[in-house]
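Single-structure report; data block below.
Treat the numbers as computed from the prediction; the structure is a model and nothing was measured. If you read the sequence from its start, that first residue is 1, and numbering goes on from there.
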Amino acid sequence: MPIGSVYRFFSSKRAMATALAHRNLDRYATRITARLADHADLGAHAAVDVVLDEYLAMKRTVPGFALVDFGVPGPAEAPDDDPNRLVADRICALLAERADAGEVLRRKVLVGVEVADALLRLAFRADPDGDPALIAETRELLHACLGPVLR
């Protein structure tokens with residue numbers, strides 16, 4: 001395919017990668033929504049597990065997800081384009097009915113996303129399938145961070 005064909009739809013490589021990242025985030029949210037709907041009675045820890053497990057499943061099975069999960073590597077062009085904030089906002093929306101919505105939930109989810117992002121990058125650098133011990137540490141930290149604000 002000629003490169004000009006790609007630029008017909010995207011203004012730059014970054015725009016193309018950003019579109020892929022947004023598609024990944026939509027698919028991730030759809031997967032979480034389906035799992036939470038199937039198990040409406042999940043407790044706080046199980047809901048956190050769904051969020052983490054779906055990310056891990058995509059990391060291991062979706063082509064290209066390992067390179068551009070939810071955002072283009074490097075600084076965001078605008079504050080609204082920060083990948084971790086976009087992910088945190090989406091997760092907050094998905095978990096809102098399981099929590100007392102508000103700034104506390106938003107802050108805790110953002111902290112959880114930032115911590116998980118750093119630890120999971122490390123886990124997948126250490127092992128192509130994700131280092132199990134580092135994934136367990138990530139899960140434990142997410143439970144400690146989000147468990148108290150979820151029902």
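Partners of A88 by side-chain contact (heavy atoms from CB on, under 4.5 Å), not counting sequence neighbours, listed by chain and number: V109, L110, V113. R98 pairs by the salt bridge (charged side-chain N to carboxylate O under 4.0 Å, His left out) definition with nothing, not counting sequence neighbours. For D117, the salt bridge (charged side-chain N to carboxylate O under 4.0 Å, His left out) partners two or more places apart in sequence, or in a different chain, are R121.
Smallest separation of non-hydrogen atoms from G147 and A44: O-CB, 4.0 Å. Annotation for G71 and A21: closest pair N-CB, 3.4 Å, computed over non-hydrogen atoms. Closest of all the heavy-atom pairs between L95 and A47 is CD2-CB, 4.3 Å. Looking at every heavy atom in both residues, A17 comes nearest to V68 through O-CG1, 3.6 Å.
A distance of 7.0 Å separates CG of L52 from OG1 of T138, quoted to the nearest 0.5 Å. Considering CZ of R107 and SG of C92, their distance stands at 11.0 Å, rounded to 0.5 Å. The structure places CG of L42 at 6.5 Å from NE2 of H39, a figure rounded to the nearest 0.5 Å. Atoms OG1 and CZ, from T33 and R31 in turn, are 12.0 Å apart once rounded to the nearest 0.5 Å.
Aromatic pair Y28/F65: ring centres not closer than 6.0 Å.
Clustering ILVMFWY residues whenever any of their side-chain heavy atoms sit less than 4.5 angstrom apart, transitively, puts V111 in a cluster other than the one holding L120. In the hydrophobic clustering of this structure, L25 groups with L36; members are Ile, Leu, Val, Met, Phe, Trp, Tyr whose side-chain heavy atoms approach within less than 4.5 Å, directly or through other members. Cluster membership for M58 and L86, using ILVMFWY side-chain heavy atoms within less than 4.5 angstrom, is shared. There is no path of hydrophobic side-chain contacts, each under 4.5 Å, that joins L122 to L56.
Between V115 and L142 the shortest side-chain heavy-atom distance does not fall below 4.5 Å.
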Side-chain donor-acceptor pairs under 3.5 Å in residues 127-135, sequence neighbours left out?
{"from": "D127", "atom 1": "OD1", "to": "D129", "atom 2": "N", "distance (Å)": "2.8"}
{"from": "D131", "atom 1": "OD1", "to": "A133", "atom 2": "N", "distance (Å)": "3.1"}
{"from": "D131", "atom 1": "OD1", "to": "L134", "atom 2": "N", "distance (Å)": "2.9"}

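Under the ring-ring contact (aromatic ring centres under 6.0 Å, His included) criterion, the residue pairs touching residues 124-151 are H45-H143, with sequence neighbours excluded. Legend: salt bridge (charged side-chain N to carboxylate O under 4.0 Å, His left out) pairs involving residues 134-149, not counting sequence neighbours, sorted by first then second residue: D49-R139, D53-R139.
Remark: the Y55 side chain and the D69 side chain contain an N/O donor-acceptor pair separated by less than 3.5 Å.
Of the options R60, R90, R35, a salt bridge (charged side-chain N to carboxylate O under 4.0 Å, His left out) to E54 is made by R35 and by none of the others.
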